[in-house]
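Note that the structure is a prediction, hence the values are computed from the model and not measured. The analysis underlying the following values was restricted to heavy atoms, covering all of them including side chains, and did not include hydrogens, waters or symmetry mates.
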Amino acid sequence: MSSDLLYSDVENDLRAAVRGLLTDRCAPAALLARCEGEEPYDAALWRTLAGEVGVAGLLVPEKLGGQGASAREAAVVLEELGAFVAPAPFLGSAVLATTALLAAGSTEADAVVARLATGERTAALAVPLPSAPGAEVSQGVRADADGVLVGRSTSVADATAADLLIVPANGPDGPGLYEVRSDAAGVALSVPVPLDLTRPIADVTFDGAAARRLAGPGTAAAAVERALLTGAGLLASEQLGLAQWCLDETVAYLKERHQFGRVVGSFQALKHRLADLWLEVVQSRAAARNAADALAGDSAGAPVAVAVAQAFCAPVAVRAAEECVQLHGGIGMTWEHPAHLRLKRAKADEIALGTPGRHRAALAALVDLPAAAG
């Protein structure tokens with residue numbers, strides 16, 4: 001079955017709604033001010049996105065109160081969130097946690113999903129953000145027969161904005177998936193200074209925290225694996241949106257900036273740099289859309305599509321952000337210009353859910369491509 005890389009009318013309408021909201025709520029000055037404050041997440045923005053636009057329930061079936069959409073629509077939302085580096089927990093709650101819960105398939109997990117779909121609650125999947133598909137993520141936390149958690153999970157994305165933590169842990173009978181409130185007794189969050197100021201991470205310590213098991217050994221590991229695969233595939237769309245913003249802003253700036261009596265954008269060397277970047281962004285769009293389409297159709301080739309997308313899109317986003325900073329000249333180096341926020345997000349995304357090298361290695365195994373001799 002061939003992939004459909006084009007955007008549907010529904011996807012374009014969703015993009016317009018999200019972009020309009022973010023244009024109003026995520027102006028550069030407001031975003032920088034929030035990064036300097038004590039509350040990096042914009043709770044009001046998330047309530048609007050989740051409750052009024054309905055993005056929190058995009059991946060959730062209608063019978064559970066969601067929109068019954070697919071990874072394609074979620075990818076469009078992430079393109080816009082990436083472009084604006086919006087301080088909203090969409091990736092952690094609406095993608096990672098929600099996908100894990102849906103894959104768990106239990107009545108208890110479905111009840112949690114229903115609350116996430118309406119925006120009533122926000123959740124985070126308590127796994128290290130650098131975890132790639134196939135990684136062992138439950139080794140740091142243990143659960144006893146009563147569901148009491150002990151251990152630590154580091155670098156958890158969106159944990160500081162979460163009401164609930166969805167925790168993979170090793171139980172007496174094997175891996176399990178547990179739910180615990182982020183403010184419960186025995187749960188402590190330590191927030192390091194993040195590279196990406198718009199997506200804080202937290203180290204979560206469990207010291208006798210009472211939790212409820214949502215899935216046992218038969219499904220827990222597979223549920224987490226599905227979440228990591230979906231998250232990695234959709235992260236490529238966030239990287240695409242970020243790269244496209246950097247390209248568009250740089251082109252617009254070079255059309256206005258004059259030097260030696262000429263428009264800077266008329267210099268051939270800069271034209272070549274931007275042409276090369278444009279080609280890479282176009283290729284990134286194809287890779288990201290292919291991954292989203294494969295995930296939406298639950299294709300057997302989804303792991304390959306995800307590995308290709310992450311291996312390609314992550315470095316392109318970094319390069320686009322670097323070019324944006326450099327080609328804006330002196331102003332691009334300042335705190336007041338939002339280019340540095342894109343560079344920090346791009347660098348943080350490059351190690352999130354698996355580095356490009358990790359995905360290239362996974363791709364080699366998936367397509368049975370032997371490693372070269374040393």
Side-chain angles (χ1 to χ4, degrees), residues 34 37-47 49-51 55-57 60 87-102 104 106 108-131 137-138 140-144 146-171 176-194 196-215 220 223-224 227-228 231 352:
R34 184 167 292 280
E38 296 181 358
E39 297 182 3
Y41 283 104
D42 189 337
L45 171 63
W46 176 244
R47 284 195 297 270
L49 281 168
V55 302
V60 180
F90 181 80
L91 180 67
S93 183
V95 176
L96 292 173
T98 295
T99 302
L101 291 166
L102 288 170
S106 66
E108 294 82 1
D110 286 349
V112 178
V113 168
R115 286 183 286 164
L116 299 183
T118 62
E120 175 189 347
R121 290 285 184 269
T122 305
L125 183 63
V127 301
L129 184 56
S131 302
V137 297
S138 63
V141 183
R142 301 185 307 278
D144 66 14
D146 296 323
V148 176
L149 303 180
V150 176
R152 190 165 182 257
S153 185
T154 60
S155 304
V156 178
D158 296 335
T160 58
D163 303 303
L164 305 172
L165 297 172
I166 309 303
V167 187
N170 281 323
L177 197 63
Y178 296 81
E179 172 206 3
V180 61
R181 289 189 60 90
S182 59
D183 59 357
V187 177
L189 272 64
S190 173
V191 184
V193 177
D196 178 7
L197 300 174
T198 61
R199 178 178 285 151
I201 57 175
D203 297 334
V204 185
T205 301
F206 303 97
D207 186 10
R212 180 173 63 141
R213 191 165 87 162
L214 303 175
V224 174
L228 294 177

Within-4.5 Å side-chain heavy-atom neighbours: Arg181 and Leu164: yes

Step-by-step side chain to side chain contact (heavy atoms under 4.5 Å, CB included) determination, Thr98 to Val60: CA-CA 8 Å; Thr98 295; Val60 180; 3.6 Å; yes

Backbone of Gly186 reached by a side-chain donor or acceptor of Asp207 within 3.5 Å: no

Residue pair Leu214, Tyr178: steps toward the side chain to side chain contact (heavy atoms under 4.5 Å, CB included) verdict: CA-CA 5 Å; Leu214 303 175; Tyr178 296 81; over 6 Å; no

Closest non-hydrogen atom pair, Ala124 against Val156: CB-CG1, 4.3 Å

Smallest separation among heavy atoms of Ala104 and Ala109, with atom names: CB-CB, 4.0 Å

Contact summary for Leu189 and Ala159, nearest pair of heavy atoms: CD2-O, 3.7 Å

Minimum heavy-atom distance Ala123-Ala162, with the two atoms named: C-CB, 3.8 Å

Straight-line distance of Thr154 OG1 to Ile201 CD1, nearest 0.5 Å: 8.0 Å

Point-to-point distance, once rounded to the nearest 0.5 Å, from CG of Leu149 to CZ of Arg213: 12.0 Å

Criterion side chain to side chain contact (heavy atoms under 4.5 Å, CB included) on Leu49 and Phe90, from CA distance to verdict: CA-CA 9 Å; Leu49 281 168; Phe90 181 80; over 6 Å; no

Separation of Glu108 CD from Leu101 CG (nearest 0.5 Å): 11.5 Å

Side chain to side chain contact (heavy atoms under 4.5 Å, CB included) between Leu116 and Ser93, intermediate numbers included: CA-CA 8 Å; Leu116 299 183; Ser93 183; 4.3 Å; yes

Salt bridge present between Glu120 and Arg115 (N-O < 4.0 angstrom): no

Side chains of Asp203 and Ser155 in contact at under 4.5 Å (non-hydrogen atoms): yes

Gap between atom CG of Leu129 and atom CZ of Arg199 - 0.5 Å precision: 7.0 Å

Any donor-acceptor N/O pair, Arg152 side chain to Gly140 backbone, under 3.5 Å: no

Side chains of Leu45 and Arg34 in contact at under 4.5 Å (non-hydrogen atoms): no

Exam field: side chain Ser182 to backbone Asp163, donor-acceptor pair closer than 3.5 Å: yes

Test item: Pro40 and Leu197 side chains (from C-beta on) under 4.5 Å apart, heavy atoms: no

Atom of Pro89, atom of Thr122 and distance for their closest heavy-atom approach: CG-CG2, 3.8 Å

Val95 versus Gly231, closest heavy-atom pair with distance: CG1-CA, 3.9 Å

Over 12 foreign heavy atoms within 6.0 Å of CG, Asp144: yes

Val224 and its side-chain contact (heavy atoms from CB on, under 4.5 Å) partner, picked from Leu96, Ile166, Leu177, Thr99: Leu177

